[in-house]
Participant: 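There's a structure below that I have some questions on.
Reminder, nothing fancy here: chain letters follow the sequence lines and each chain counts from 1. No experiment lies behind these values; they were computed from the predicted model shown.
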2 protein chains.
Amino acid sequence: MSAQEPTVLVIEDEAPIRHFLRTTLSGQGFQVAEASTAEDGLAQAAARNPDIIVLDLGLPDLDGIEVTRRLREWTAIPIIVLSARNQEQDKVAALDLGADDYLTKPFGVKELMARMRAALRHAARSDAGPGEAVFTTGELRVDLVRRQVFVGDQEVHLTPIEYKLLTVLVRNAGKVLTHRQLLKDVWGPLHVDEAHYVRVYMRQLRAKLEANPAHPRYLITEIGVGYRLRTEDEDKEQRPSSPIQKPSR
Amino acid sequence: MSAQEPTVLVIEDEAPIRHFLRTTLSGQGFQVAEASTAEDGLAQAAARNPDIIVLDLGLPDLDGIEVTRRLREWTAIPIIVLSARNQEQDKVAALDLGADDYLTKPFGVKELMARMRAALRHAARSDAGPGEAVFTTGELRVDLVRRQVFVGDQEVHLTPIEYKLLTVLVRNAGKVLTHRQLLKDVWGPLHVDEAHYVRVYMRQLRAKLEANPAHPRYLITEIGVGYRLRTEDEDKEQRPSSPIQKPSR
DNA sequence: CTGGTTTTTACACCGTTTTGACACCGCCAT
DNA sequence: ATGGCGGTGTCAAAACGGTGTAAAAACCAG
């Protein structure tokens, strides 16, 4: 990936600002990618896999908030939001959706650079590999960027909740997720007790994704605990390295 | 570390602001620690090991910048800097020294909270790295993250209680656990007298995990006391007390 | 209004947990 | 030795609760 030259993706519709950012950032040793619309921005984020994204909230086609949400569905790349609006609620919304920082225009270049360095520092510290944009196991394929799901080469249509549930399982593929965990991530922390939901939707997912829903190959029930998405290399999995590894710091 | 209630350390010399922060933050479910000087702040950071630090730059005894530097010498706890000064160079200095965010007074509480959440998010993500915790002894392998158990390369399905019991033994591998201890950890402190439970389940575990359940290699009975999970390196070592070893059946 | 989606409700089924009964072994006192 | 005794292992029936299934009702956006 980014060895020497970190890549920054600038999503900004106003040409003057975009050009200004391009020159200053590339002058600071960044590889710069540009997009002037939300759609192009999302596409380029997936295609070029930048190290950091600078995102203007005021885009012509899609709300910047929405762009943040879409990005966070599949990646943890640092996002720094730029905005002309200084409303507190905008900041809260963007930050809570997963943005890493929020600057209001006009902003100083030095400050932007410093905040970018801080964001990159975080990413470097936690970098657990860029979350893969396409997950595959057996015949099942989930494209987190395009929000498409395939069984074999056949696309499957999922409802919003079905898709959300599936992405949660994908992001934790192989691990067991408790009912509460799934309910919190999909329906929000207020519904952690509605255990029915999960069963109903798991059944629907199985009906759509499994060849034989009665004997699921992917969506595994862990009775009394929750569910798990089976990964490709199931039983033959080798021991990682040492008998016991503590969680790394 | 932080179980339910995240702890925030507020380092701020002006009493009104400090009190204001204390009430709002504790109202938001934080455990709040306070310091009014840099020195006290550094001491408390070390002593209480908070999840996040809110640091005012204008302190009487030491520069806030210096506090940041000192903290970063030994910890990566998120630091959010508050300052009355809006100079760009101050922000750059603080951020480049390792501060995670920088707010200028006056600031909105909502924004502060959102930025704190963002900072905690980062910390959580780098904290919970992909450390696979796998316990191994002989042919037996227990993956505590995925909640999977293998004998050889064959996965074994365990019921919730069976698995819970096994994890308690794993966490105390090699040590003897009394019946009461096991009952308390698995069934809860109300059932510490139902010693029968342990026997029934120990049998089921042996049936699933041991090659020859009648002569267990892993799940050892310590008669009159409880049970013990044998660890890898202990097979060679025979009972230290008696030089004569009994004929094995 | 309509079609798709989400939420509820109801019920049959099956695995798990609990419970009870009994065989076994080693030890001690008779 | 022998018989009792406490701790242990074995087995399986019964009670329990989680899970899968289906479909109706409520909801919502076009």
Participant: Would you classify A:Pro213 as touching base, sugar-phosphate or nothing, given that sugar-phosphate means primed atoms plus P, OP1 and OP2, and contacts are heavy atoms under 4.0 Å?
Facilitator: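 The answer is nothing, as A:Pro213 stays clear of every strand by at least 4.0 Å.
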Participant: At less than 4.0 Å, is any side-chain N or O atom of A:His191 found next to OP1 or OP2 of C:dT6? Yes or no.
Facilitator: no
Participant: Can you find a side chain N or O atom of B:Trp187 that sits less than 4.0 Å from OP1 or OP2 on C:dT18?
Facilitator: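 For C:dT18, OP1/OP2 do have a side-chain N/O of B:Trp187 under 4.0 Å.
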Participant: Between B:His179 and B:Tyr227 (judged by ring centroids, cut-off 6.0 Å), do the two rings come close enough to count as a pair?
Facilitator: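 Under 6.0 Å, so yes.
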Participant: Verify, without hydrogens or angle tests, whether A:Thr178 (side chain) and A:Gln181 (backbone) share a donor-acceptor contact under 3.5 angstrom.
Facilitator: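 Checking the backbone N and O of A:Gln181 against the side chain of A:Thr178, a donor-acceptor pair under 3.5 Å is found.
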Participant: Without decimals, in angstroms, what is the distance between B:Leu183 CG and C:dT18 C1'?
Facilitator: 13 Å
Participant: Hey, which of A:Lys175, A:Arg228, A:Arg230 is the one that makes salt bridge (Lys or Arg N to Asp or Glu O under 4.0 Å) with A:Glu222?
Facilitator: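 Checked A:Lys175, A:Arg228, A:Arg230 against A:Glu222; only one passes salt bridge (Lys or Arg N to Asp or Glu O under 4.0 Å): A:Arg228.
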Participant: Just by distance, with hydrogens left out, do B:Arg206 and B:Thr221 show a side-chain donor and acceptor under 3.5 Å apart?
Facilitator: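 Their side chains do contain a donor-acceptor pair, which is all the 3.5 Å distance test asks for.
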Participant: Send over the distance from A:Ile161 CD1 to C:dG4 P, rounded to a whole Å.
Facilitator: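 Nearest whole value for this atom pair: 17 Å.
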Participant: At what angle, to 10 degrees, do the two end axes of the helix from C:dC1-D:dG30 to C:dT30-D:dA1 meet, given five pairs define each axis?
Facilitator: 30°
Participant: Would you kindly give the CD1-to-C1' distance between A:Ile223 and C:dT16, to the nearest whole Å?
Facilitator: 8 Å
Participant: Is the closest side-chain donor-acceptor distance between A:His122 and B:Asp100 under 3.5 Å?
Facilitator: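 Yes - a donor-acceptor pair under 3.5 Å links their side chains.
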Participant: Under the 6.0 Å and 45° cation-pi test, does B:Arg147 pair with B:Tyr163?
Facilitator: yes
Participant: Measuring to OP1 and OP2 of C:dT6, would you say a side-chain N or O of A:Tyr201 lies under 4.0 angstrom away?
Facilitator: yes
Participant: Nearest whole angstrom, please: distance from the C1' of C:dT17 to the NE2 of B:His196.
Facilitator: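 Between C1' of C:dT17 and NE2 of B:His196: 12 Å.
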Participant: Using the side-chain heavy atoms of A:Gln204, tell me which of these nucleotides is nearest: C:dT6, C:dT17, C:dT19.
Facilitator: C:dT6
Participant: For the side chain of B:Asp101 and the backbone of B:Ile80, is there at least one donor-acceptor N/O pair under 3.5 Å apart?
Facilitator: no
Participant: When the distance from CG of B:Asp193 to P of C:dT18 is rounded to whole Å, what number comes out?
Facilitator: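 Nearest whole value for this atom pair: 15 Å.
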Participant: On DNA chain D, which is the earliest and which the latest nucleotide, 5' to 3', with an atom closer than 4.0 Å to a heavy atom of chain A?
Facilitator: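 Contacts span D:dG18 to D:dA22, reading 5' to 3'.
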Participant: Does the side chain of B:Thr159 get closer than 4.0 angstrom to OP1 or OP2 of C:dG15 through an N or O atom?
Facilitator: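 For C:dG15, neither OP1 nor OP2 has a side-chain N or O of B:Thr159 closer than 4.0 Å.
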Participant: Between B:Tyr201 and B:Trp187, does the ring centroid distance fall short of 6.0 Å?
Facilitator: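 Ring centres of B:Trp187 and B:Tyr201 closer than 6.0 Å.
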Participant: So, A:Asp56 and A:Lys105, do they make that salt bridge, N to O below 4.0 Å?
Facilitator: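 Looking at A:Asp56 and A:Lys105, the cut-off is met.
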Participant: Select base, sugar-phosphate, or nothing to describe what B:Tyr163 touches, counting heavy atoms under 4.0 Å on all strands.
Facilitator: nothing
Participant: More 5' along DNA chain D: A:Arg203 or A:Arg199, using each one's nearest nucleotide?
Facilitator: A:Arg199
